[in-house]
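One structure is given below, encoded as structure tokens.
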Amino acid sequence: MLTIQLIRQETEYVKERLAVKNFKNIALVNEIIVLDDNRRKLQLERDDAQNEMNSRSREIGIAIKEKDMAKAESLKNETAELKEKIRVLNQQHDDVVAELNNKLVLLPNLPHASVKAGHSAEDNEIIHSEGAIPELGPDAVPHWELTSKYKLIDFELGVKITGAGFPVYTGLGARFQRALINYFLTEAVKAGYTEIQPPLMVNEASGYGTGQLPDKDGQMYYANEDNLYLIPTAEVPVTNIYRDVILKAEDLPVKNVAYSACFRREAGSYGKDVRGLNRLHQFDKVEIVQISTPDKSYAVLEEMRVHVASLIQGLGLPFRVLRLCGGDISFTSALTYDFEVFSAAQQKWLEVSSVSNFESFQSNRMKLRYKDAEGKTQLAHTLNGSALALPRIVASLLENNQTPDGIRVPEVLVSFMGTDIIK
RNA sequence: GGAGAGAUGCUCGAGCGGUUGAAGAGGCACGCCUGGAAAGCGUGUAGUCGCCUAAAGUGGCUCGUGGGUUCGAAUCCCACUCUCUCCGCCA
């Protein structure tokens, strides 16, 4: 969430940037400031009363020590009224704080200066594009036919065991998953990331820390009995490692990479976009997470963008990079680059990665801080990106690399796959 | 799942109702000493929210979390969470 200091000090700027995100309830900003004024006023009154009470108590203690019981008793009798006053003020203060917090979490992150206004995915800016779009023959088919032809993925079997959106990978299909995960992890480690294997379930505090809760709880699978959520992305456990942590300046930047299965309910999705591998309830992803000082976070974002691009280049897929517009960027992000690869048989672009700088939006929620050179405690910046999500990469590799003799395996995967062709 | 023990600052550890945000030790930082270092000596060393234009100063809260008792709680009571030991079960 945004810090109250920023909202108070840069009120007009905050409103302007919220408008770029098409945030409708701009009046909320003023409501928050009024609540905060109120909170301060109440705190002042309460603190004064409490201070008064504390000194009375001390006097009583001294009187008792001096064996002056009469004085102690009379002092005691004077405290009842004060005590009640404090109780009331405390209650009022806590109520205002709760209300303030409830409103504060409704404000999305402010988009970075480079983010343009816009209403939908149509308005995203294509800032880079490379790789030749393959010309497939007339016999080319979409990946869901290839996966069944070569017995790589059994969607129906997944339905039997679990339900729609939980495919079963078999034979070279399963090996293909492992090969990609290996390739992505290996490249990340080469780039200086520390490999992490996180829990796949998280508690409420973690969901709140990265912003999935309270608003997106319907998108996560939930184990009621233990009050735990299945992770929608490794971002959640990996970023929450640093919840309530004060890092030393020399610990930064933190660079972590994690492979995990990801679970998403995708409530409300339907239609042709969900066909085959385009949208699943369970899928594999390698995620990179960095924690940086504020002055370096945009350089870090660029570094991550280059890293993701290099992975896709390694696989030989045509791709483009979009800078998301205000209307399409997520609630928590300040700047997001989406990577899309071209899926030749479906003739469409598929999103395979999203690389974002959250600035201090997540760290403010989870109290992730660092001590700067002067020893002052400051909020760190958090960033993350998919590097990469598997299903759509698999879809486009299968489609783009299909030949009459089988599916060509990209050079970088051959050693992991044990073959250069799937047939 | 059953029985027991415990949770204090960067770390260890004392405190078990009264100026205790917390003794002591270690670590770390700075200073003195030294040609330089070690040792020694001295000083400092939590977070957070307020008040104050800022600095200085000052007030509230925080001893796992949340409640309660009391004029006053790290200390007493209740609930919860977590850790450790033993037993059971188990990849």
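Remember, it's a predicted structure, so these values are computed and weren't measured experimentally. We name chains A, B, ... by the order of the sequence lines, and we start the count at 1 in each one.
In this model, the phosphate group of rG72(B) is approached by a side-chain N or O of K83(A) to a distance below 4.0 Å at OP1 or OP2. Proximity of R58(A) to the phosphate of rG18(B): no side-chain N or O atom is located under 4.0 Å from OP1 or OP2. A close approach under 4.0 Å does occur between a side-chain nitrogen or oxygen of N54(A) and OP1 or OP2 of rG60(B). Note on R46(A): every side-chain N or O is 4.0 Å or more away from OP1 and OP2 of rC49(B). A close approach under 4.0 Å does not occur between any side-chain nitrogen or oxygen of R56(A) and OP1 or OP2 of rC71(B).
Residues T210(A) and E235(A) bring no donor and acceptor atom of their side chains to less than 3.5 Å of each other. Side-chain atoms of S360(A) and S363(A) include no donor-acceptor pair closer than 3.5 Å.
Distance noted for atom C1' between rC77(B) and rG17(B): 13 Å (whole Å). rG13(B) and rA25(B) have their P atoms separated by 16 Å, given to the nearest Å.
In this structure, A80(A) and D36(A) both approach RNA chain B, and ranking their closest nucleotides by distance from the 5' end singles out D36(A). Between I62(A) and K76(A), the one whose closest nucleotide on RNA chain B sits nearer the 5' end is I62(A).
Across rC49(B), rG18(B), rA46(B), the shortest atom-to-atom separation from the side chain of K371(A) is found for rA46(B). When the nucleotides rU48(B), rG59(B), rC71(B) are ranked by their closest atom to the side chain of T377(A), rU48(B) comes out on top. Of the candidates rG50(B), rG47(B), rG60(B), the closest approach to any side-chain atom of Q50(A) belongs to rG60(B).
In this entry rG18(B) has rC71(B) as its Watson-Crick or G-U wobble partner, both defining distances falling under 3.5 Å. When both pairing distances are held under 3.5 Å, rC30(B) makes a Watson-Crick or G-U pair with rG42(B).
Classification of the Y229(A)-Y222(A) ring pair by plane angle, with boundaries at 30° and 60°, yields tilted.
The base of rG59(B) is not paired with the side chain of N51(A) by any donor and acceptor separated by under 3.5 Å.
Taking a cutoff of 4.0 Å between a charged side-chain nitrogen and a carboxylate oxygen, D405(A) and K423(A) do not qualify as a salt bridge.
Here rG66(B) presents its P atom at 13 Å from CG of N90(A), a figure rounded to the nearest Å. Regarding K65(A), its NZ atom lies at a distance of 13 Å from the P atom of rG17(B), rounded to whole Å.
Within the nucleic acid shown, L44(A) comes within 4.0 Å of sugar-phosphate atoms alone, with no base atom in reach, counting heavy atoms only.
Between H307(A) and Y193(A), the ring centre distance stays below 6.0 Å.
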